[in-house]
*Asks:* 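Before we start, here is the structure in question, set down as structure tokens.
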Amino acid sequence: MSDPLSNYNFGSGSSGLYVSEFPVKLRVLTTDPVVHMEEKYGSTKFAFIVWNHDLGKAQILDRGSSIAKAIQELHNDEDYGADIQKIDIKITSTGEGKETRYAVTPLPKSIELTKDQIKEAADIDL
């Protein structure tokens, strides 16, 4: 078989399907995040398909409302072209556990994504 599930390498840590290492340089590729409740803490999470420039692979960014709101603000900001899918961002974190805080910063230069990179991201089904 040659579908994504059959060929996916289920590694651990940052090599997996989910973004887990910060700081990270990303391109958000979906404007329709999947909204779900995290069972452990009962908090709302937002899942976006992203291109992780640091790892050179498509992944899922699954985080809380602070990151989702920052992404939304950039997406709606005319100074950035009002399209999050055309700009690269850097996400950094401080603190640990429930005290973790994230900062989302637009980067001054965006890297052009190839057709293969876009296809790899399109193969992820949120």
*Asks:* Val50, Ile89: one ILVMFWY side-chain cluster at the under-4.5 Å cut-off?
*Replies:*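 Hydrophobic grouping puts Val50 with Ile89.
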
*Asks:* With a 4.5 Å limit on heavy-atom distance, are the side chains of Ile118 and Thr114 in contact?
*Replies:* no

*Asks:* Which residue pairs pass the ring-ring contact (aromatic ring centres under 6.0 Å, His included) test when at least one of the two sits in residues 104-126, sequence neighbours left out?
*Replies:*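 Residue pairs with at least one partner in residues 104-126: there are none.
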
*Asks:* Under a 3.5 Å distance rule, please check whether Thr30 uses its side chain to pair with a backbone N or O of Pro33 as donor and acceptor.
*Replies:* no

*Asks:* With sequence neighbours excluded, tell me which residues meet side chain to side chain donor-acceptor pair (under 3.5 Å) with Glu120.
*Replies:* none

*Asks:* What is the distance from atom OG1 of Thr105 to atom CG of Leu74, rounded to the nearest 0.5 Å?
*Replies:*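 If I round to the nearest 0.5 Å, the distance is 8.5 Å.
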
*Asks:* Please list all pairs meeting side-chain hydrogen bond (donor to acceptor under 3.5 Å, both in side chains) that have one or both residues in residues 34-44, counting only residues at least two apart or in different chains.
*Replies:*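 Non-adjacent pairs meeting side-chain hydrogen bond (donor to acceptor under 3.5 Å, both in side chains): His36-Asp62, Glu38-Ser43.
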
*Asks:* Once you round to the nearest 0.5 Å, how far does OG1 of Thr31 lie from CD1 of Ile84?
*Replies:* 10.5 Å

*Asks:* Suppose we screen for ring-ring contact (aromatic ring centres under 6.0 Å, His included). Which residues come up paired with Phe22, at least two apart in sequence or across chains?
*Replies:*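 Phe22 satisfies ring-ring contact (aromatic ring centres under 6.0 Å, His included) with Tyr102 only.
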
*Asks:* Look at the side-chain heavy atoms of Ile, Leu, Val, Met, Phe, Trp and Tyr, link any pair under 4.5 Å apart, and say whether Val19 and Ile49 land in one connected group.
*Replies:* no

*Asks:* May I have all residue pairs that pass ring-ring contact (aromatic ring centres under 6.0 Å, His included) and include part of residues 106-126, sequence neighbours excluded?
*Replies:* none

*Asks:* What do you reckon, is CG of Asp125 surrounded by more than 12 foreign heavy atoms closer than 6.0 Å?
*Replies:* no

*Asks:* Same cluster or not: are Val34 and Ile60 linked, directly or through other Ile, Leu, Val, Met, Phe, Trp or Tyr residues, by side-chain heavy atoms under 4.5 angstrom apart?
*Replies:*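 Yes; Ile60 is reachable from Val34 via cluster members.
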
*Asks:* How many angstroms lie between CD1 in Ile124 and NZ in Lys57, if you round to the nearest 0.5 Å?
*Replies:*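 Rounded to the nearest 0.5 Å, the CD1-NZ separation comes to 8.5 Å.
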
*Asks:* Hydrophobic clusters join Ile, Leu, Val, Met, Phe, Trp and Tyr when side-chain heavy atoms are under 4.5 Å apart, directly or via other members; which others share one with Ile111?
*Replies:* none

*Asks:* Would the distance check show the side chain of Asn52 and the main-chain N or O of Gln59 forming a donor-acceptor pair, the cut-off being under 3.5 Å?
*Replies:*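 Flag not set: sc Asn52 to bb Gln59 has no pair under 3.5 Å.
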
*Asks:* Looking at every heavy atom in both Ala121 and Ala58, which two are closest together, and how far apart are they?
*Replies:* CA-CB, 3.5 Å

*Asks:* Quick check on the hydrophobic clustering: are Val104 and Ile87 connected, directly or via other members, by side-chain heavy-atom contacts under 4.5 Å?
*Replies:*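 Yes, it is one cluster - the side chains of Val104 and Ile87 are joined through contacts under 4.5 Å.
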
*Asks:* When rounded to the nearest 0.5 angstrom, what distance separates CG in Leu55 from CD in Glu21?
*Replies:* 8.0 Å

*Asks:* Please, which pairs that meet side-chain hydrogen bond (donor to acceptor under 3.5 Å, both in side chains) have at least one residue in residues 83-95, sequence neighbours excluded?
*Replies:*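 For residues 83-95: Arg27-Asp88, His53-Asp88.
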
*Asks:* Please enumerate all residues that pass side-chain contact (heavy atoms from CB on, under 4.5 Å) together with Ala68, with sequence neighbours excluded.
*Replies:*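 Partners of Ala68 under the side-chain contact (heavy atoms from CB on, under 4.5 Å) test: Phe46, Phe48.
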
*Asks:* In chain order, what residues pass the salt bridge (charged side-chain N to carboxylate O under 4.0 Å, His left out) check against Lys119, with sequence neighbours excluded?
*Replies:*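 Counting only residues at least two positions away or on another chain, Lys119 forms a salt bridge (charged side-chain N to carboxylate O under 4.0 Å, His left out) with Asp123.
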
*Asks:* If you link I, L, V, M, F, W and Y whenever their side-chain heavy atoms are under 4.5 Å apart, who else ends up in the same group as Leu107?
*Replies:*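 The other cluster members (ILVMFWY side chains, heavy atoms under 4.5 Å, direct or chained): none.
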
*Asks:* Taking a hydrophobic cluster as the set of Ile, Leu, Val, Met, Phe, Trp and Tyr residues connected by side-chain heavy atoms closer than 4.5 Å, whether directly or through intermediates, do Leu126 and Leu26 fall within one such cluster?
*Replies:* no

*Asks:* First locate atom OG of Ser65, then atom CD1 of Ile71, and finally report the distance between them rounded to the nearest 0.5 Å.
*Replies:*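 Rounded to the nearest 0.5 Å, the OG-CD1 separation comes out at 11.5 Å.
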
*Asks:* Give me each pair satisfying ring-ring contact (aromatic ring centres under 6.0 Å, His included) with a member in residues 67-99, each pair once, sequence neighbours excluded.
*Replies:* none

*Asks:* Who passes side-chain contact (heavy atoms from CB on, under 4.5 Å) against Asn76, sequence neighbours left out?
*Replies:* Gln72

